[in-house]
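See below for the structure under consideration.
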Amino acid sequence: MIWDIDVRKRFASAKGSFSLDLRFRSDARRLVLFGPSGAGKSQTLKIIAGLSTPDLGHVRLQGQALFDRDRGINMPPQQRRLAYVFQEYALFPHLTVLQNIAFALYPGLVNPRRNARHAAVSRWVETFRLQPVAHLYPEQLSGGQRQRAALARALVAEPCALLLDEPFAALDRSLREHLRQELSELQMQLGIPMLLITHDEADVEYFADAVVHIQHGRALEQSPGQDELAA
């Protein structure tokens, strides 16, 4: 089983409260969480990545427990070996493209040197055709270049799965179509399991081997042909 998620968490703020009560299991290598804004998709991704801790339940990836409240397991994010690409890409504005990509290879908060050389970084710079902008800063990049840099940074440390938060939402239509194809070909080439969240039906049609429909913090249904949605 690639994805085995069973989590509960209550969020409270000045605007009110929100309860996430989500269960799904799937062997899909390209799984899409689909639902409207505010459904709990991003919170689910943060829980899987270890950036948010559930109140109850478990998170298992390819049979390994990343979080299990009953067993007292809660791996820190850096030990989960998950590549996480945020919706706004979260590139460091004071670092060049090369430094942003290399940052994932450095422990703690150490900034890579501008002239540092790494074979793994060079590989992903070439893969995403970032050579012409390698020494530029994020504010000097186009939307597509920022996304490629964020993907390169996520993949350079050889993660065991790729988590994508609305990866095409900030791009114009023509660029979305082009980068969907790029990402699809890359994922198939690497064979890395991918979980993508979106509210765009075009993403579902392009990527989904299986779909989990989420609304109001709950999974409503899972696409046919995959594992049954946990009750």
Quick one, Trp3 with Val212, criterion side chain to side chain contact (heavy atoms under 4.5 Å, CB included). Give me CA distance, side-chain angles, the key distance, then yes/no. CA-CA 11 Å; Trp3 313 100; Val212 177; over 6 Å; no
Taking the cut-offs as 6.0 angstrom to the six-membered ring centre and 45 degrees off its axis, would you call Arg153 and Phe92 a cation-pi pair?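 So Arg153 does make the cation-pi contact.
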Does the ring of Phe168 carry Arg180 above it, NZ/CZ under 6.0 angstrom from centre and within 45° of its axis? yes
Of all the heavy-atom pairs spanning [X] and [Y], show the shortest one and how long it is.
{"X": "Cys160", "Y": "Leu82", "value": "SG-CD2, 3.9 Å"}
{"X": "Ser42", "Y": "Tyr84", "value": "O-OH, 4.2 Å"}
{"X": "Ala154", "Y": "Val85", "value": "CB-CG2, 3.8 Å"}
{"X": "Gln215", "Y": "Leu220", "value": "OE1-CD1, 3.4 Å"}
{"X": "Pro138", "Y": "Asn100", "value": "CG-ND2, 3.9 Å"}
{"X": "Val156", "Y": "Ala104", "value": "CG1-CB, 3.6 Å"}

Residue of the set Gln87, Met194, Gln147 for which side-chain contact (heavy atoms from CB on, under 4.5 Å) holds with Leu164: Met194
Please name the residue in the list Leu196, Leu195, Ile197 that meets the side-chain contact (heavy atoms from CB on, under 4.5 Å) test with Leu163. Leu195
What distance separates [X] [atom1] from [Y] [atom2], expressed to the nearest 0.5 Å?
{"X": "Thr96", "Y": "Leu130", "atom1": "OG1", "atom2": "CG", "answer": "11.0 Å"}
{"X": "His199", "Y": "Phe34", "atom1": "NE2", "atom2": "CZ", "answer": "8.5 Å"}
{"X": "Phe86", "Y": "Asp165", "atom1": "CZ", "atom2": "CG", "answer": "8.0 Å"}
{"X": "Phe128", "Y": "Ile101", "atom1": "CZ", "atom2": "CD1", "answer": "8.5 Å"}
{"X": "Met1", "Y": "Leu61", "atom1": "CE", "atom2": "CG", "answer": "12.0 Å"}
{"X": "Leu190", "Y": "Leu155", "atom1": "CG", "atom2": "CG", "answer": "6.5 Å"}

Test item: [X] side-chain N/O and [Y] main-chain N/O as donor-acceptor pair under 3.5 Å:
{"X": "Asp209", "Y": "Leu31", "value": "no"}
{"X": "Arg23", "Y": "Ala219", "value": "no"}
{"X": "Arg69", "Y": "Pro54", "value": "yes"}
{"X": "Lys41", "Y": "Ile214", "value": "no"}
{"X": "Gln140", "Y": "Tyr137", "value": "yes"}
{"X": "Gln79", "Y": "Pro76", "value": "no"}
{"X": "Arg10", "Y": "Asp55", "value": "no"}
{"X": "Arg146", "Y": "Leu91", "value": "no"}

Holding to salt bridge (charged side-chain N to carboxylate O under 4.0 Å, His left out), I want the full list of residues that pass it with Arg60, two or more places apart in sequence or in another chain. Asp4, Asp68
Can Leu179 and Leu151 be said to form a side chain to side chain contact (heavy atoms under 4.5 Å, CB included), step by step? CA-CA 11 Å; Leu179 290 180; Leu151 281 168; over 6 Å; no
Is His216 atom NE2 crowded by more than 12 heavy atoms from other residues, nucleotides or ligands, each under 6.0 Å away?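 No, not enclosed.
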Determine whether the side chains of Glu185 and Gln181 contain a donor N or O and an acceptor N or O closer than 3.5 Å. yes
Run the side chain to side chain contact (heavy atoms under 4.5 Å, CB included) check on Asp200 and Glu166 step by step: do they pass? CA-CA 9 Å; Asp200 189 336; Glu166 302 271 9; 5.5 Å; no
Less than 4.0 Å between a side-chain N and a carboxylate O, is that true for Asp6 and Arg8? yes
Could you tabulate the donor-acceptor pairs under 3.5 Å formed by side-chain atoms of residues 44-52, not counting sequence neighbours?
residue : atom : partner : partner atom : Å
Thr44   : OG1  : Gly40   : O            : 2.8

Side chain to side chain donor-acceptor pair (under 3.5 Å) involving Gln43 - partner list, sequence neighbours excluded: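 With neighbours one apart ignored, the set is empty.
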Test of understanding: clusters of I, L, V, M, F, W, Y form through side-chain heavy atoms closer than 4.5 Å, transitively. Do Leu22 and Phe11 belong to the same one?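 In one cluster with Leu22: Phe11, yes.
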Between Tyr206 and Met188, is there shared hydrophobic-cluster membership here, with clusters defined by ILVMFWY side-chain heavy atoms closer than 4.5 Å?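 Each belongs to a different hydrophobic cluster.
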Taking the side chain as every heavy atom from C-beta outward, state whether Leu186 and Leu162 have any atom pair closer than 4.5 Å. no
Please assess Arg80 against Phe67 for the test side chain to side chain contact (heavy atoms under 4.5 Å, CB included), listing each intermediate value before the final yes or no. CA-CA 10 Å; Arg80 298 192 182 197; Phe67 172 85; 4.0 Å; yes
